[in-house]
Enquirer: 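This is the structure I want to talk about, given as structure tokens.
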Amino acid sequence: MSEYPYVEGGYTLYSNELCPYAQRALRALNTANVPYKVESIDLKNKPSWYHLVNPQLKVPALRTPDGTILIESLVVAEFVADQFPEAKLLSTDAVERAQLRLFIELFSSRYIPFIYRTLMTADKEEQEKHKQALLDGLKEANKELERQWSRPSGKNGPFWYGKWGYAEIALSSFIGLLVPLAHYRGVSVPQTDEFAAFHRWHQAIEEAPEFTKVKPTDQAVNEVYKKFVANA
């Protein structure tokens, strides 16, 4: 008998509903209509057995029917996309997949770090520098969305592949973190042409059932992110 809980012959996701990385895995499984059981992990008081699942003690982790355990949110999401190709989360075209990976990398390097830097610094001048870097990253994302939507695979939007898919699974949780940025630092994305494609994409994400099904309340997100805020 195992020393940690799991579903025999099925998928078990070790997750936390407030973690944006875990939300990637949840949305991937939901979008692909994969049956799974959630084991909720309290990140402040992790179960004594959790090191047997993930020695790094992070979420998400996915146990597959054959007992393989996968960690890291993008690894889990891409596994789901490849394991369940009928869901069409990812293109089968190598160039189209590469273009999508570049878009995700842009967000990972030019947007996500500046969420945390903007929240964590108490110095007003530093805050403004990080806010501007974040907005500059979103300008680049806006340009990439415009390029993608002009390609056949973009189907004129409003999602990366025209319909909800891997890009939104990978990035929507972090778009949702505009909520604590606005609450604690007054950050807003200007309603100007240079952000028009981003706003169209953002609105489509906010309205998508795949997003709202696992979206925490704004109050819950703000409370969780309070710990990152200098001078909160």
Side-chain angles (χ1 to χ4, degrees), residues 17 19-34 36 60 72-112 115 134-179 181-182 188-216 218 221:
E17 63 179 1
C19 173
Y21 296 95
Q23 288 165 16
R24 282 173 165 168
L26 283 163
R27 291 190 175 112
L29 291 164
N30 289 343
T31 303
N33 292 316
V34 180
Y36 63 95
E72 299 297 337
S73 59
L74 287 178
V75 172
V76 171
E78 189 160 349
F79 165 80
V80 172
D82 288 337
Q83 187 73 5
F84 300 95
E86 64 276 10
K88 298 182 179 179
L89 302 186
L90 271 171
S91 172
T92 58
D93 182 90
V95 171
E96 291 175 2
R97 287 174 76 120
Q99 289 166 336
L100 174 52
R101 287 194 179 96
L102 286 171
F103 183 61
I104 292 171
E105 172 55 29
L106 187 158
F107 259 85
S108 298
S109 61
R110 298 289 306 280
Y111 170 73
I112 294 174
I115 297 171
L134 182 147
L135 291 174
D136 288 344
L138 290 182
K139 285 181 188 176
E140 291 302 311
N142 191 87
K143 292 176 183 176
E144 286 303 316
L145 286 166
E146 290 176 340
R147 291 188 188 101
Q148 172 62 11
W149 292 343
S150 70
R151 300 170 184 142
S153 63
K155 300 176 184 176
N156 198 34
F159 299 108
W160 181 262
Y161 285 142
K163 66 181 185 68
W164 175 278
Y166 190 84
E168 292 72 37
I169 288 166
L171 301 173
S172 60
S173 298
F174 298 94
I175 300 302
L177 296 185
L178 287 170
V179 170
L181 280 173
S188 62
V189 182
Q191 294 286 343
T192 56
D193 288 347
E194 59 192 347
F195 296 104
F198 170 77
H199 282 300
R200 183 183 175 214
W201 185 53
H202 184 190
Q203 181 177 348
I205 286 171
E206 289 284 350
E207 294 173 353
E210 297 90 344
F211 178 72
T212 59
K213 183 175 181 179
V214 294
K215 179 187 177 185
D218 289 355
V221 174

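Below, all heavy atoms of this structure are taken into account, side chains as well, without hydrogens, waters or symmetry copies. Here the structure is a predicted model, which means the values were calculated and not measured.
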Enquirer: Looking at residues at least two apart in the chain, or sitting in another chain, which of them share a side chain to side chain donor-acceptor pair (under 3.5 Å) with Trp201?
Expert: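 In terms of side chain to side chain donor-acceptor pair (under 3.5 Å), with neighbours along the sequence ignored, Trp201 is linked to Glu168.
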Enquirer: Using 0.5 Å steps for rounding, measure from the CZ atom of Phe103 to the CG atom of Leu171.
Expert: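 With rounding to 0.5 Å, CZ (Phe103) is 6.0 Å from CG (Leu171).
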Enquirer: Nearest heavy-atom pair of Ala170 and Ile104: which atoms, and what distance?
Expert: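 Heavy atoms only, the tightest pair is CB-CD1, 3.8 Å.
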Enquirer: Would you sort out whether Glu78 and Glu72 count as a side-chain contact (heavy atoms from CB on, under 4.5 Å), showing the intermediate values?
Expert: CA-CA 10 Å; Glu78 189 160 349; Glu72 299 297 337; over 6 Å; no
Enquirer: Using the side chain to side chain donor-acceptor pair (under 3.5 Å) criterion, which residues pair with Ser173? Sequence neighbours excluded.
Expert: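 By the side chain to side chain donor-acceptor pair (under 3.5 Å) rule, Ser173 matches Gln23, Arg27.
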Enquirer: Taking only residues two or more places apart in sequence, or in another chain, which ones meet Tyr21 in a side chain to side chain donor-acceptor pair (under 3.5 Å)?
Expert: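 Testing Tyr21 for side chain to side chain donor-acceptor pair (under 3.5 Å), a comparison that skips the adjacent residues, returns none.
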Enquirer: Test: salt bridge (Lys or Arg N to Asp or Glu O under 4.0 Å). Region: residues 147-163. Which pairs qualify, not counting sequence neighbours?
Expert: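 Matches after skipping sequence neighbours: Glu144-Arg147.
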Enquirer: Mind checking what makes side-chain contact (heavy atoms from CB on, under 4.5 Å) contact with Asp93, not counting sequence neighbours?
Expert: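 side-chain contact (heavy atoms from CB on, under 4.5 Å) list for Asp93, sorted by chain: Ser91, Val95, Glu96.
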Enquirer: Where do Ser153 and Gln148 come nearest, in terms of heavy atoms and distance?
Expert: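 Shortest heavy-atom separation between Ser153 and Gln148 comes out as OG-NE2, 3.0 Å.
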Enquirer: Sequence neighbours excluded, which residues qualify as salt bridge (Lys or Arg N to Asp or Glu O under 4.0 Å) partners of Glu146?
Expert: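 So Glu146 forms no salt bridge (Lys or Arg N to Asp or Glu O under 4.0 Å) with any residue.
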Enquirer: Tell me, with the steps shown, if Leu106 and Tyr111 meet side-chain contact (heavy atoms from CB on, under 4.5 Å).
Expert: CA-CA 7 Å; Leu106 187 158; Tyr111 170 73; over 6 Å; no
Enquirer: Counting only N and O atoms by type, is there a donor-acceptor contact under 3.5 Å from the side chain of Asn30 to the main-chain atoms of Glu210?
Expert: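 No: the side chain of Asn30 does not pair with the backbone of Glu210.
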Enquirer: Can you name the residues that form a side-chain contact (heavy atoms from CB on, under 4.5 Å) with Ala77, not counting sequence neighbours?
Expert: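 So Ala77 forms a side-chain contact (heavy atoms from CB on, under 4.5 Å) with Ala28, Tyr166, Ile169.
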Enquirer: Would Leu177 and Phe174 count as a side-chain contact (heavy atoms from CB on, under 4.5 Å) here? Give the steps.
Expert: CA-CA 5 Å; Leu177 296 185; Phe174 298 94; 4.0 Å; yes
Enquirer: What's the spacing between Thr31 OG1 and Lys213 NZ if we round to 0.5 Å?
Expert: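 Going from the OG1 atom of Thr31 to the NZ atom of Lys213 covers 9.0 Å.
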Enquirer: CG of Leu135 to OG of Ser188: how many Å apart, nearest 0.5 Å?
Expert: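 Separation between the atoms: 8.0 Å.
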Enquirer: Let me check something: any side-chain donor-acceptor pairs from residues 80-88 under 3.5 Å, sequence neighbours excluded? List them with distances.
Expert:
unit_1: Asp82; atom_1: OD1; unit_2: Arg97; atom_2: NH2; d: 3.3

Enquirer: Checking side-chain contact (heavy atoms from CB on, under 4.5 Å) for the pair Phe211/Ile175: CA distance, chi angles, key distance, verdict?
Expert: CA-CA 11 Å; Phe211 178 72; Ile175 300 302; over 6 Å; no
Enquirer: Write down the atom of Leu181, the atom of Leu134, and the distance for their closest heavy-atom approach.
Expert: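 It is CD1-CD1, 3.6 Å.
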Enquirer: Not counting sequence neighbours, which residues clear salt bridge (Lys or Arg N to Asp or Glu O under 4.0 Å) with Glu140? List them please.
Expert: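 By the salt bridge (Lys or Arg N to Asp or Glu O under 4.0 Å) rule, Glu140 matches Lys143.
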Enquirer: Which heavy atom of Pro216 sits nearest to which heavy atom of Val221, and what is that distance?
Expert: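 Result for this residue pair: CB-CG2, 3.9 Å.
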Enquirer: Output all residues satisfying salt bridge (Lys or Arg N to Asp or Glu O under 4.0 Å) with Asp136, sequence neighbours left out; order by chain, then residue number.
Expert: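 Lys139.
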Enquirer: Please check if any side-chain donor atom of His199 sits under 3.5 Å from a side-chain acceptor atom of Gln203, or the reverse.
Expert: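 There is no such pair between these side chains.
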Enquirer: Do you know the tightest heavy-atom contact between Tyr161 and Leu89?
Expert: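 So the two residues come closest at CE1-O, 3.7 Å.
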Enquirer: Under the rule for side-chain contact (heavy atoms from CB on, under 4.5 Å), what residues qualify as partners of Thr192, not counting sequence neighbours?
Expert: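 side-chain contact (heavy atoms from CB on, under 4.5 Å) check on Thr192 returns Pro190, Glu194, Phe195.
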Enquirer: Looking only at heavy atoms, which two atoms of Phe198 and Leu145 are closest? And how far apart?
Expert: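 Minimum heavy-atom separation between Phe198 and Leu145: CA-CD1, 3.9 Å.
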Enquirer: More than 12 heavy atoms of other residues, nucleotides or ligands under 6.0 Å from CD of Glu17: yes or no?
Expert: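 No, not enclosed.
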Enquirer: Applying side chain to side chain donor-acceptor pair (under 3.5 Å), name anything that partners Trp149, two or more places apart in sequence or on another chain.
Expert: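 Trp149 satisfies side chain to side chain donor-acceptor pair (under 3.5 Å) with no other residue.
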